Amino acid sequence: MKKIVPVAIAIIHDKNTGKYFMTQRKEIDIDDIGYGHCWNFPGGGIQWGEDPKDALNREIKEELGVEINILALIPRIFSPIRNNWHGLLICYLCEMKDINIPIVLNHESMDFGWFNLEEIKKLKTLPLAYDVAVEAEKYNSIISV
């Protein structure tokens, strides 16, 4: 079944290194063939009646075991299509509340890392991940996080 899914995405930035946090997908969803082991920005679907910022905080806690500060909405909606899935990505520039707290990945991811734009460009990512990073970088420089 084809569906459109609103998704809240955390573009977590470390202002000290200039790098962005990404996770590597672990499992291949039967409806998402061809996208296993891709790198992506953490986040997830917004539930009925849920505020996108609340969804993002919930998803990051579930996926990474950490808390974030949401700094700003990136003023562009991304619209990737994968097989029968069409996402509307609502992206937020974020930072870790405490960079020293260990990341604890849930069942969705197999790895994580911090990457600059050039490194992200070379990774096998989900569609539009590099475009999201470029937009975050532009907006990040505007607000001087």
Side-chain angles (χ1 to χ4, degrees), residues 2-15 17-29 31-99 101 103-145:
K2 294 182 179 184
K3 58 183 175 179
I4 298 173
V5 179
V7 181
I9 301 291
I11 314 305
I12 302 170
H13 182 253
D14 181 345
K15 63 184 173 186
T17 65
K19 294 188 175 191
Y20 296 93
F21 182 88
M22 299 183 82
T23 57
Q24 187 177 27
R25 295 174 66 153
K26 182 188 283 183
E27 301 174 1
I28 299 174
D29 187 326
D31 294 325
D32 212 10
I33 299 295
Y35 298 101
H37 300 194
C38 287
W39 289 88
N40 61 296
F41 291 104
I46 301 167
Q47 297 175 359
W48 173 259
E50 190 175 33
D51 181 275
K53 287 182 179 180
D54 293 338
L56 188 57
N57 281 310
R58 174 184 51 76
E59 286 286 342
I60 296 305
K61 189 70 173 167
E62 288 173 6
E63 292 180 19
L64 309 177
V66 299
E67 294 181 348
I68 55 170
N69 291 320
I70 297 174
L71 303 173
L73 173 67
I74 295 174
R76 178 175 169 194
I77 302 294
F78 291 86
S79 186
I81 296 173
R82 302 191 314 256
N83 301 324
N84 291 324
W85 183 89
H86 180 178
L88 294 178
L89 308 184
I90 303 167
C91 302
Y92 292 92
L93 192 57
C94 305
E95 65 183 5
M96 297 275 188
K97 281 191 176 181
D98 184 348
I99 199 80
I101 291 184
I103 303 294
V104 179
L105 298 174
N106 73 356
H107 67 281
E108 296 175 27
S109 299
M110 59 191 273
D111 201 2
F112 68 89
W114 293 89
F115 305 97
N116 63 32
L117 280 181
E118 286 306 309
E119 292 166 331
I120 293 171
K121 189 175 190 176
K122 295 175 186 174
L123 292 173
K124 178 186 176 190
T125 64
L126 291 181
L128 299 178
Y130 177 71
D131 297 329
V132 169
V134 168
E135 194 70 21
E137 187 76 3
K138 288 190 293 190
Y139 197 67
N140 196 17
S141 65
I142 291 170
I143 64 170
S144 299
V145 176

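In what follows, residues are counted from 1 in the order of the sequence shown. This is a predicted model, so every value here is computed, not measured.
- The list of salt bridge (Lys or Arg N to Asp or Glu O under 4.0 Å) pairs with a residue in residues 109-122, not counting sequence neighbours, reads Lys19-Glu119.
- Taking the side chain to side chain contact (heavy atoms under 4.5 Å, CB included) definition, one finds that Leu88 meets it with Ile4, Ile77, Ser79, His86, sequence neighbours left out.
- For the pair Leu105 and Leu64, the minimum side-chain heavy-atom distance is below 4.5 Å.
- Proximity of Pro80 to Trp85: side-chain heavy atoms (C-beta onward) are separated by under 4.5 Å at one or more points.
- When the side chain to side chain contact (heavy atoms under 4.5 Å, CB included) test is applied to Lys124, the partners found at least two apart in sequence or on another chain are Cys38.
- In this view, Glu50 and Arg58 satisfy the side-chain hydrogen bond (donor to acceptor under 3.5 Å, both in side chains) rule, not counting sequence neighbours.
- Every residue meeting the ring pair (Phe, Tyr, Trp, His ring centres under 6.0 Å) condition with Phe21, not counting sequence neighbours, appears here in chain and number order: Phe112, Trp114.
- Phe115 meets the ring pair (Phe, Tyr, Trp, His ring centres under 6.0 Å) test with Trp39; sequence neighbours excluded.
- Closest non-hydrogen pair, Tyr139 versus Ala72, comes out as CE2-CB, 3.6 Å.
- Tyr130 pairs by the ring pair (Phe, Tyr, Trp, His ring centres under 6.0 Å) definition with nothing, not counting sequence neighbours.
- Using a 4.5 Å heavy-atom cutoff, the side chains of Lys97 and Val66 are not in contact.
- Judged as a side chain to side chain contact (heavy atoms under 4.5 Å, CB included), and not counting sequence neighbours, the contacts of Glu63 are Pro42, Glu59, Asn106, Glu108.
- With sequence neighbours excluded, the residues forming a side chain to side chain contact (heavy atoms under 4.5 Å, CB included) with Ile70 are Lys53, Leu56, Asn57, Ile68, Tyr92, Cys94, listed by chain and number.
- Counting all heavy atoms, side chain and backbone alike, Arg82 lies closest to Arg25 at NH2-NH1, 3.5 Å.
- Contact between Phe41 and Ala10 at its shortest, heavy atoms only, is CB-O, 3.7 Å.
- Within the 4.5 Å cutoff, the side chain of Leu126 has no heavy atoms near those of the Leu128 side chain.
- Here the straight-line distance linking atom NE2 of His107 with atom NZ of Lys26 works out to 8.5 Å at 0.5 Å rounding.
- The CD1 atom of Ile74 sits 7.0 Å away from the CD atom of Glu135 when rounded to the nearest 0.5 Å.
- In this structure the side chain of Ile103 never reaches within 4.5 angstrom of the side chain of Thr23, judged on heavy atoms.
- Partners of Asn69 according to the side-chain hydrogen bond (donor to acceptor under 3.5 Å, both in side chains) rule, which considers only residues two or more places apart in sequence or in another chain, are Glu95.
- In this structure, CG on Asp14 lies 12.0 Å from CG on Asn116, to the nearest 0.5 angstrom.
- For the residue pair Cys91 and Val132, the shortest heavy atom distance occurs at SG-CG1, 4.0 Å.
- Summarising the geometry, atom CD1 belonging to Ile9 is positioned 8.0 Å from atom CD1 belonging to Ile60; distances are rounded to the nearest 0.5 Å.
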